[in-house]
2 protein chains.
Amino acid sequence: MSTTGSARPLRADARRNRERLLQTADAAFGEHGVEASLEQIARSAGVAIGTLYGHFPSRAALAAALLRERHDELFARGDSLPGERVALDALTEWMRLVAAHAAAYHGLAEFLGRGLEDENSELHADCTRLAGITERLAGQAREAGALGAHVTGADVTAVISAVSWTGEQTSPGQAERLLALAVRGMTTR
Amino acid sequence: MSTTGSARPLRADARRNRERLLQTADAAFGEHGVEASLEQIARSAGVAIGTLYGHFPSRAALAAALLRERHDELFARGDSLPGERVALDALTEWMRLVAAHAAAYHGLAEFLGRGLEDENSELHADCTRLAGITERLAGQAREAGALGAHVTGADVTAVISAVSWTGEQTSPGQAERLLALAVRGMTTR
DNA sequence: ACCTGAACACCGTTCAAGT
DNA sequence: ACCTGAACACCGTTCAAGT
């Protein structure tokens, strides 16, 4: 089951435009964050603003396309993690992977958070799947007796989100310290 | 030593405009967050946009004026907390107080974070003082042997900030759970 | 001393008209 | 099928001119 969905073939010029928009948007998001100007992206890509909207009806749709590959890699990694390691190690590694991913663009932590909450977001499916993997790994760590019995999957998702955001606000080092501290707080010593 | 600074008297009409702007801004920030439209605030207050800028040269200056009273109350509380309680209780209460304060306006957690980082922000002094109180209370808890020796004041500030942000993103309940979990992680149980 | 509001340089989003 | 770009409804910020 692919996450990508069936993309029926585009006309050659449309395909080129789509590709150029994605490249330009990646650079713009990287430099100015997920709220980078869409008009500027279209301009830099050498197309009219309407063309951008034609390909990506919303900022979330553009972000979803941009994150497609990275998310698929995360999903694959998250699905193979259980069994590979001791449950607590697997969970901690997962938390680090997602937090590192969220560091791709400034504002991404908040954006993904909205994607999880908003069922109509083009990012909702992706965010739900990320949260599902978190839930599964948390469950295993809990059953292994490594995680406190009261610690929910939502708690771990909140920690990952908060750690990601802290990385944007202060420094990756401070984010890592928060992660360590939070893991210690969820753990049955 | 007052935090307020000496405000020399304004002309009567200017004083009225300033007051109206603050009232309107409080409502707008409460409804739309700290990034609420300044033009709309001026319009709702019945003054021209230039008048708003005349009184508050930046969004941070407006926010600082808006938060003045609440911050002074926080400072007073934070200064009297040591000695009132067991060190860890004092620190935990402080964390809750600041997080509850940050819930006043959506986006305030991030805004205060920037104010701490940016030395030129009109909020810098306030944020530094909040961080200073956190540092002091953390130090006391550490010396009392309640906090891990490796836990820094910056760690506690990061936790407060992350908890505040989580409250905005998800729910106050989830924020409280994150706070409890983080305190457990910082503590020498 | 203070206020006004036009002016400038931007935005996001839609949609009729073109190819 | 797809692209263009004008049109609309907004922004933040400055500053000459008024009172």
Side-chain angles (χ1 to χ4, degrees), chain A residues 6-25 27-29 31-66 105-107 110-111 114 118 120-123, chain B residues 6-25 27-29 31-66 105-107 110-111 114 118 120-123:
Chain A
S6 59
R8 57 160 182 55
L10 293 173
R11 219 168 64 182
D13 59 340
R15 221 208 156 288
R16 264 197 313 274
N17 283 338
R18 209 190 108 96
E19 222 51 53
R20 285 228 51 182
L21 280 166
L22 284 173
Q23 279 176 30
T24 313
F29 280 20
E31 192 167 0
H32 303 112
V34 287
E35 302 295 346
S37 158
L38 298 180
E39 284 204 321
Q40 214 164 92
I41 290 171
R43 225 177 300 138
S44 302
V47 302
I49 182 63
T51 302
L52 188 153
Y53 277 92
H55 286 280
F56 310 105
S58 73
R59 186 181 293 275
L62 176 56
L66 229 34
Y105 309 131
H106 195 276
E110 182 168 342
F111 209 73
R114 274 205 301 271
D118 178 7
N120 297 322
S121 166
E122 284 91 340
L123 277 166
Chain B
S6 59
R8 56 161 182 53
L10 293 173
R11 219 168 63 182
D13 57 340
R15 220 207 157 290
R16 264 196 313 273
N17 283 339
R18 209 189 108 96
E19 222 52 50
R20 285 227 51 180
L21 280 165
L22 284 173
Q23 279 176 28
T24 313
F29 279 21
E31 191 167 0
H32 302 111
V34 287
E35 302 295 346
S37 159
L38 298 179
E39 283 202 323
Q40 213 163 95
I41 290 171
R43 223 177 301 139
S44 301
V47 302
I49 182 63
T51 302
L52 187 153
Y53 276 92
H55 285 280
F56 310 105
S58 72
R59 186 181 292 273
L62 176 56
L66 229 34
Y105 308 132
H106 195 275
E110 183 169 343
F111 210 73
R114 274 205 301 273
D118 179 6
N120 297 322
S121 167
E122 283 92 341
L123 276 167

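Values below: every heavy atom of this structure, side chains too, minus hydrogens, waters and symmetry copies. Lettering of chains follows the sequences in order, A, B, ..., and the numbering in each one begins at 1.
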Query raised in the report: Quantified in whole Å, what is the P atom distance between nucleotide dA9(C) and nucleotide dC10(D)?
Result: 22 Å
Report task. With a 3.5 angstrom cut-off on both distances, give the Watson-Crick or G-U wobble partner of dC15(C), or none if there isn't one. Result -> dG5(D)
Report task. To the nearest Å, give me how far apart CG (L52(A)) and P (dG12(C)) are. Result -> 9 Å
Query raised in the report: OP1, OP2 of dC3(D) versus side-chain N and O of H55(A): anything below 4.0 Å?
Result: yes
Report task. Report yes or no: does T51(B) contribute a side-chain atom to a donor-acceptor pair with the main-chain N or O of V47(B) at less than 3.5 Å? Result -> no
Query raised in the report: Between atom OH in Y53(A) and atom P in dT13(C), what is the gap in whole Å?
Result: 3 Å
Requested in this report: Quick one: label R43(A) by what it contacts on the DNA or RNA (base, sugar-phosphate, nothing), any heavy atom closer than 4.0 Å.
Outcome: sugar-phosphate
Query raised in the report: Across all strands, who's sitting opposite dC10(C) as a Watson-Crick or G-U wobble pair, both distances under 3.5 Å?
Result: none
Report summary line: Here the distance between atom P of dC11(D) and atom CG of L38(B), to the nearest Å, is 10 Å
Requested in this report: Evaluate the side chain to side chain contact (heavy atoms under 4.5 Å, CB included) criterion for residues L38(A) and Y53(A): first the C-alpha distance (whole Å), next the side-chain angles of each, then the deciding distance (0.1 Å), finally the verdict.
Outcome: CA-CA 9 Å; L38(A) 298 180; Y53(A) 277 92; 3.7 Å; yes
**Report entry** Whole-Å distance separating the CG atom of N17(A) from the P atom of dA1(D)
**Finding:** 17 Å
Query raised in the report: Is there a side chain to side chain contact (heavy atoms under 4.5 Å, CB included) between H32(A) and H106(A) once you walk through the steps?
Result: CA-CA 7 Å; H32(A) 303 112; H106(A) 195 276; over 6 Å; no
**Report entry** For atom CZ of R20(A) and atom P of dC3(D), their distance in whole Å
**Finding:** 13 Å
**Report entry** Sole residue of Q23(B), R15(B), R16(B) in side-chain hydrogen bond (donor to acceptor under 3.5 Å, both in side chains) with E19(B)
**Finding:** R15(B)
Report task. Answer yes or no: does atom CZ of R114(A) have more than 12 heavy-atom neighbours from other residues, nucleotides or ligands under 6.0 Å? Result -> yes
Report summary line: Winner on side-chain proximity to T51(B), out of dT4(C), dC2(C), dC11(C), is dT4(C)
**Report entry** Interatomic distance where CD belongs to E39(B) and P belongs to dC8(C) [whole Å]
**Finding:** 16 Å
Query raised in the report: Within this structure, what is the NE2-to-P distance between H32(A) and dC11(C), rounded to whole angstrom?
Result: 10 Å
Query raised in the report: dC2(D), dG5(D), dG12(D): which one has an atom nearest the side-chain heavy atoms of A48(A)?
Result: dG5(D)
Report task. Classify the nucleic acid contact of G50(A) as base, sugar-phosphate or nothing, counting any heavy atom under 4.0 Å across all strands shown. Result -> base
Report task. Take atom CD1 of I41(B) and atom P of dC11(D), then tell me their distance rounded to the nearest Å. Result -> 10 Å
Report summary line: Which of dC2(C), dC11(D), dT14(D) is nearest the side chain of I49(B)? It is dT14(D)
Report task. Give a yes/no on whether any side-chain N or O of S37(B) is located under 4.0 angstrom from OP1 or OP2 of dG12(D). Result -> yes
Query raised in the report: Looking for any heavy atom pair under 4.0 Å, which part of the strands does R15(B) touch: base, sugar-phosphate only, or nothing?
Result: nothing
